[in-house]
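From a predicted model like this one, the values you see are computed outputs, not experimental measurements.
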Amino acid sequence: QVQLVESGGGLVQPGGSLRLSCAASGSILNFNGMGWYRQAPGKERELVALIIIDTGTTNYADSVKGRFTISKDNAKNTVYLQMNSLTPEDTAVYYCNAVQIRGNFPFSSWGQGTQVTVSS
């Protein structure tokens with residue numbers, strides 16, 4: 001069973017930055033893709049950013065394009081989410097996700113989440 005451990009959340013003022021990390025218990029090269037999701041109180045969990053592991057291709061939600069950057073370090077088995085120009089609307093629990101496709105079936109793993117609060 002893959003374990004994903006997020007870190008880097010916290011309280012930041014509007015306009016500030018945070019970098020989230022997601023450390024996998026094994027090689028991230030075993031995954032087809034990894035991503036960051038977030039869930040704000042009373043809202044559904046939404047995709048923020050994803051990265052295809054073998055190509056490095058990235059994709060972002062419209063709400064974070066130009067402000068957030070997802071990246072990976074294969075040697076450290078870690079995926080990052082650099083978040084800049086944060087607004088109160090970015091406040092949420094951020095979850096790391098990893099997907100491995102075996103045959104025709106996707107197997108998804110989740111981290112425990114890390115709280116990001118943007119407030120003055």
Side-chain angles (χ1 to χ4, degrees):
Q1 181 71 20
V2 173
Q3 289 188 334
L4 303 174
V5 179
E6 301 102 331
S7 61
L11 174 64
V12 63
Q13 291 187 344
S17 298
L18 282 175
R19 189 177 79 156
L20 306 183
S21 299
C22 172
S25 58
S27 174
I28 64 172
L29 297 177
N30 292 326
F31 303 125
N32 296 87
M34 296 184 70
W36 289 95
Y37 289 70
R38 68 185 181 187
Q39 187 166 20
K43 294 187 177 182
E44 293 187 353
R45 191 174 296 189
E46 62 174 354
L47 176 65
V48 175
L50 63 86
I51 186 165
I52 304 301
I53 296 300
D54 60 355
T55 65
T57 303
T58 59
N59 197 13
Y60 298 92
D62 288 342
S63 59
V64 307
K65 281 181 181 177
R67 299 189 300 123
F68 290 11
T69 302
I70 188 170
S71 62
K72 62 183 178 72
D73 187 328
N74 294 345
K76 295 183 178 179
N77 297 319
T78 300
V79 170
Y80 303 97
L81 185 68
Q82 178 67 44
M83 305 186 294
N84 299 328
S85 302
L86 286 162
T87 73
E89 288 68 37
D90 296 314
T91 295
V93 179
Y94 284 70
Y95 297 91
C96 179
N97 173 260
V99 175
Q100 184 181 51
I101 298 175
R102 305 175 199 165
N104 293 324
F105 299 97
F107 290 84
S108 186
S109 299
W110 293 91
Q112 81 288 353
T114 185
Q115 176 70 47
V116 171
T117 303
V118 184
S119 176
S120 56

- Message: side-chain contact (heavy atoms from CB on, under 4.5 Å), that's the test. Do T69 and L81 meet it? Break it down for me.
- Response: CA-CA 6 Å; T69 302; L81 185 68; over 6 Å; no
For [X] against [Y], the heavy-atom pair lying closest together:
{"X": "G111", "Y": "Y95", "value": "O-CD2, 3.7 Å"}
{"X": "F31", "Y": "A24", "value": "CE1-CB, 4.1 Å"}
{"X": "P14", "Y": "S120", "value": "CD-N, 3.7 Å"}
{"X": "G56", "Y": "K72", "value": "CA-CE, 4.1 Å"}
{"X": "V93", "Y": "Q115", "value": "CG2-OE1, 3.2 Å"}
{"X": "A40", "Y": "T91", "value": "CB-O, 3.6 Å"}

- Query: Could you go step by step and tell me if W110 and Y37 meet the ring pair (Phe, Tyr, Trp, His ring centres under 6.0 Å) rule?
  - Reply: CA-CA 10 Å; W110 293 91; Y37 289 70; 4.9 Å; yes
- Task: Using a 4.5 Å cut-off on heavy atoms from C-beta on, say whether the side chain of S119 contacts that of L11.
- Result: yes
- Message: Taking the side chain as everything from C-beta on, heavy atoms only, tell me whether V99 gets closer than 4.5 Å to F107.
- Response: no
- When you look at S109 and N97, which way does the side-chain hydrogen bond (donor to acceptor under 3.5 Å, both in side chains) test go after all the steps? CA-CA 6 Å; S109 299; N97 173 260; over 6 Å; no
For the hydrophobic clusters of this structure (ILVMFWY residues joined by side-chain heavy atoms under 4.5 Å, transitively), does one cluster hold both [X] and [Y]?
{"X": "I28", "Y": "L50", "result": "no"}
{"X": "F68", "Y": "V116", "result": "yes"}
{"X": "V2", "Y": "Y80", "result": "no"}

Donor-acceptor pair, side chain of [X] and main chain of [Y], under 3.5 angstrom:
{"X": "N32", "Y": "I101", "value": "yes"}
{"X": "E6", "Y": "C22", "value": "no"}
{"X": "Y60", "Y": "I70", "value": "yes"}
{"X": "Q100", "Y": "N30", "value": "yes"}
{"X": "T114", "Y": "G9", "value": "yes"}
{"X": "S25", "Y": "Q3", "value": "yes"}

- Test log, rule side-chain contact (heavy atoms from CB on, under 4.5 Å), inputs C96 and M34: CA-CA 7 Å; C96 179; M34 296 184 70; 3.9 Å; yes
- Task: Sorted by first residue and then second, give each salt bridge (charged side-chain N to carboxylate O under 4.0 Å, His left out) pair with at least one member in residues 22-33; sequence neighbours left out.
- Result: none
- Query: Which residue pairs pass the salt bridge (charged side-chain N to carboxylate O under 4.0 Å, His left out) test when at least one of the two sits in residues 79-100, sequence neighbours left out?
  - Reply: R38-D90, R67-D90
- Message: Rounded at 0.5 Å granularity, tell me how far CH2 in W36 sits from CG in L20.
- Response: 4.5 Å
- Query: Between CG of N77 and CG of L4, what distance do you get to the nearest 0.5 Å?
  - Reply: 10.5 Å
- Task: Determine, step by step, whether T55 and T57 satisfy the side-chain hydrogen bond (donor to acceptor under 3.5 Å, both in side chains) criterion, reporting the C-alpha distance in whole Å, the side-chain angles of both residues, the deciding distance to 0.1 Å, and the verdict.
- Result: CA-CA 5 Å; T55 65; T57 303; 2.8 Å; yes
- Per side-chain contact (heavy atoms from CB on, under 4.5 Å), K76 is matched among T78, V79, N74 by T78
- Query: Are V118 and L18 close enough, and set up right, to give a side-chain contact (heavy atoms from CB on, under 4.5 Å), and what steps lead you there?
  - Reply: CA-CA 10 Å; V118 184; L18 282 175; over 6 Å; no
- Query: Which is it for Y94 and Q39 under the side-chain contact (heavy atoms from CB on, under 4.5 Å) test, yes or no, and what are the steps along the way?
  - Reply: CA-CA 7 Å; Y94 284 70; Q39 187 166 20; over 6 Å; no
